[in-house]
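In what follows, residues are counted from 1 in the order of the sequence shown.
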Amino acid sequence: MAVSSTIKKFGLEKAFSYLYKDPEVNLLKLMDWADKFSGENFPEQRAAVREAIENPNNAYYPFVRHMLQDVDPDVMTAVAVNFFINANIDGWKKQEALREKYNCNIPWAILLDPTSACNLHCTGCWAAEYGNRLNLTYEEIDDIICQGKEMGVYLYIYTGGEPLVRKKDIIRLCEAHDDCIFLCFTNGTLIDENFADDMLRVKNFVPAISLEGFGEATDSRRGEGVYEKVLHAMEILHSRKLFYGISSCYTSMNWDSITSEEYYDMLIEKGAYFIWYFHYMPVGNDASPELLPTPEQREQVYKRIRDYRTRKPLFCMDFQNDAEFVGGCIAGGRRYMHINANGDVDPCVFIHYSDSNIREKTLLETMRSPLFQAYHDGQPFNDNMMQPCPMLENPTKLRDMVEKTGAVSTDLQSPESADHLCSKCDGYAACWAPKAEEIWEARKQQKEEENAVLLSGRERHPAAD
C-alpha cells in the first residue's frame, strides 16, 4: 500500500476511534475529514451523507444511528477503510489511469462464482444449469484478486451457485486480502453461528441474502422452510453486530408484494442495512418470458422505490431503474464484469457470452478483448437512462456485439444463442420504450427544476460555495 494510502487508512481508523467516543458530537467532524481527503470526488454523495447526519427529518438520520449503534466498531472501521479509501478514493485513481492508457473499460468491482454448486435447487435459477462440478480454485480466486488490485479493484462480489458452499476458502481470502471488501449474494441457509464468528473476526465480508418476498413466495421458489432459515440467519448476523443486506428479484408475479411497504418495513425491522432490487432477466433456454414485468408494473416498482428512499431508513439500489446515477449500463467492465466457475469472463452476470477465460488471459487482456471493447465503444447503449441494457431494452445491440466479436455461450449445460435470448426481449423492449420515454422526460424536467432551485439558492447566498 502506498504511503499516502497508509496515512489515510491510519487517519480514518483514528477518526472512527474518535467518533465512537461521542458519536453525536463527532459525526460532523468525521464528515469534515472525509471532505478534505475526497477532494473533488463524489460531491453529491458526500452532500447526501452530510444531510443524513445533520437533519433529524431526513429519512436516513435514523439509518446513520442504526449503523453506529448496531454494527461492531471494528467492522465499521474495516468496511469504511476498504470501501471508501481503497475501493473508491485510491482505487478509482488507478482505474482511471488504466482506462486512459489502454482506452478500455476497467472495472470498479469484480463478480465471480467460486462454485457452480448449490445446496438448493431454486425454480428458474440459471445457475443450476451449470451443474455442480465447476469450481475456481483458491489459487485462481487469489490470483484474480491480486490482478484486480493491480488495476485498482478492491471490491469483490461472490455469486454462484451458492458461494458459501466454499465458506472456508472465502474466509481465507478475506484474511489474505484484508485491504478489500467482499460482498456475497447468498441464499442465507448456510450462515450459522460459527460462520458469523468468522465474519466478525475478518471484518471485511458482507452478505446479501436472497428473498423472494414473504414466507410463501420464498419457500415456493427456494424450498420448504428456507424463509425461516433466512430469518434465523438475519438474527444471527444482527446479534453479532455485522453488516448484511437483502437481494430481491421482481417479476410479473411477485412485484407487488416484494416492493410493498409491508415488505420494506419488515426488512428494516429485521435490521437489514441495504436491499438490491433486480429486474427479472429471461436468461437460459428454460427461462419464462411471462415473468417479465409489464410496463405498468415496472413503472410502479420505480415509483415505489423512489418514494421509499425519501421516507424510510434503508439503503436501496434498483439495478435496472437507477441507470441515471451511473450513466447507463455498467457491465462489460465499465464498472463491473463477471467470472463464472469455469473461468469464463462474461460482460454481465445476466449475459453469458464470452471471448475470454482467466485461465488463458490476464484481466487486462480480457478488458481489451473484442467483446469487452465492443461494450466500451457502445456504452451508453441508449441515451434514455430508463433503457440501459443491451439485452433487455436494446436487444439488437447484444445480438450485434456477440455476432461481430465471435463470443460464445458460457452455459456449458444448455448453450443459448444470443438470438434466442434476445428474441425473448424484443417484445418487452418494444412495449417498454414508450413508457421509458415518458418516465425519462418527466425525470429530466424534475432535475432541471431542482437545479434551478439550487442555482437560485447559490445566487442568494454566494458565501455557501
Side-chain angles (χ1 to χ4, degrees), residues 44 99 103-109 111 249-252 255 276-283 287 289 291-303 305-306 317-338 346-353 367 370-405 407 418-448 451:
E44 294 181 4
R99 290 177 189 126
N103 189 35
C104 68
N105 285 331
I106 300 294
W108 172 69
L111 277 67
C249 175
Y250 57 90
T251 72
S252 61
W255 72 272
W276 281 38
Y277 276 108
F278 292 94
H279 185 293
Y280 174 75
M281 298 291 192
V283 177
L291 290 177
L292 286 165
T294 67
E296 293 73 24
Q297 290 171 344
R298 180 170 170 180
E299 180 184 28
Q300 285 302 309
V301 170
Y302 167 84
K303 289 181 176 179
I305 291 174
R306 301 258 169 152
M317 294 158 283
D318 183 355
F319 193 79
Q320 202 62 27
N321 292 328
D322 279 346
E324 68 172 285
F325 303 115
V326 289
C329 172
I330 61 173
R334 178 169 171 263
R335 293 295 176 264
Y336 91 99
M337 31 75 80
H338 172 246
D346 300 324
C348 175
V349 70
F350 300 118
I351 295 179
H352 303 162
Y353 302 96
M367 293 300 99
L371 179 60
F372 281 80
Q373 202 65 52
Y375 262 78
H376 172 271
D377 296 342
Q379 290 164 323
F381 295 109
N382 198 310
D383 291 333
N384 185 324
M385 292 292 103
M386 298 305 298
Q387 298 170 282
C389 180
M391 176 189 75
L392 188 66
E393 295 106 354
N394 307 278
T396 59
K397 300 289 180 70
L398 181 61
R399 280 189 180 97
D400 290 345
M401 288 192 294
V402 171
E403 180 180 355
K404 290 177 181 177
T405 63
D419 188 62
H420 184 269
L421 171 63
C422 292
S423 68
K424 290 177 285 188
C425 301
D426 287 332
Y428 175 93
C431 290
W432 172 244
K435 180 61 70 175
E437 185 67 20
E438 175 188 327
I439 295 173
W440 185 235
E441 287 302 315
R443 179 61 179 146
K444 287 196 294 184
Q445 179 64 32
Q446 179 187 4
K447 289 195 289 186
E448 289 175 2
N451 289 336

Tell me every residue that passes side chain to side chain donor-acceptor pair (under 3.5 Å) with E393, counting only those two or more places apart in sequence or in another chain. R298, Q320
Taking N384 for the side chain and A436 for the main chain, is one N or O donor matched with an acceptor at less than 3.5 Å? yes
Any heavy-atom pair between the side chains of P380 and P388 that's under 4.5 Å? no
By ring-ring contact (aromatic ring centres under 6.0 Å, His included), Y277 pairs with (sequence neighbours left out) none
Give a yes or no on whether the backbone of I106 and the side-chain of R99 come within a donor-acceptor separation of less than 3.5 Å. yes
Is any side-chain heavy atom of L421 closer than 4.5 Å to one of L398? yes
Looking only at non-hydrogen atoms, find the nearest pair between Q373 and C104 and report the distance. OE1-CB, 3.7 Å
State which residues pass side chain to side chain donor-acceptor pair (under 3.5 Å) with K444; sequence neighbours excluded, sorted by chain then number. E441
Kindly determine whether I439 and W432 satisfy side-chain contact (heavy atoms from CB on, under 4.5 Å), including the steps that lead there. CA-CA 11 Å; I439 295 173; W432 172 244; 3.7 Å; yes
Considering only heavy atoms from C-beta outward, does the side chain of N105 approach that of M337 to under 4.5 Å? no
For E437, what residues pass the salt bridge (charged side-chain N to carboxylate O under 4.0 Å, His left out) criterion, not counting sequence neighbours? none
Please enumerate all residues that pass ring-ring contact (aromatic ring centres under 6.0 Å, His included) together with H376, with sequence neighbours excluded. none
For Y250, give me all partners under ring-ring contact (aromatic ring centres under 6.0 Å, His included), at least two apart in sequence or on another chain. H279
Among residues at least two apart in sequence or on other chains, which ones pass salt bridge (charged side-chain N to carboxylate O under 4.0 Å, His left out) with D426? R399
Partners meeting salt bridge (charged side-chain N to carboxylate O under 4.0 Å, His left out) with D400 (sequence neighbours left out): none
For T405 and A374 the tightest heavy-atom approach is CG2-CB, 4.1 Å
Side chain proximity check, M367 to P107, heavy atoms < 4.5 angstrom: yes
List in chain and number order the residues that pass side-chain contact (heavy atoms from CB on, under 4.5 Å) with A418, two or more places apart in sequence or in another chain; answer none if no residue qualifies. Y353, V402
Can you confirm whether M385 sits close enough to R443 that some side-chain heavy atom of one is under 4.5 Å from a side-chain heavy atom of the other? no
Could you check if a side-chain atom of I330 sits within less than 4.5 angstrom of a side-chain atom of W108, using non-hydrogen atoms only? no
What residues, two or more places apart in sequence or in another chain, satisfy ring-ring contact (aromatic ring centres under 6.0 Å, His included) together with F381? Y375
Distance-only, no hydrogens or angles: does the Q297 side chain make a donor-acceptor pair with backbone N or O of L292 under 3.5 Å? no
Residues which pass side chain to side chain donor-acceptor pair (under 3.5 Å) with K424, listed by chain and number, not counting sequence neighbours: E416
Quick check: closest heavy atoms across D322 and R306, and the distance to 0.1 Å? OD1-NH2, 3.4 Å
For Y280 against A287, the heavy-atom pair lying closest together: OH-CB, 3.7 Å
Which residues pass the side chain to side chain donor-acceptor pair (under 3.5 Å) test with R335, not counting sequence neighbours? none
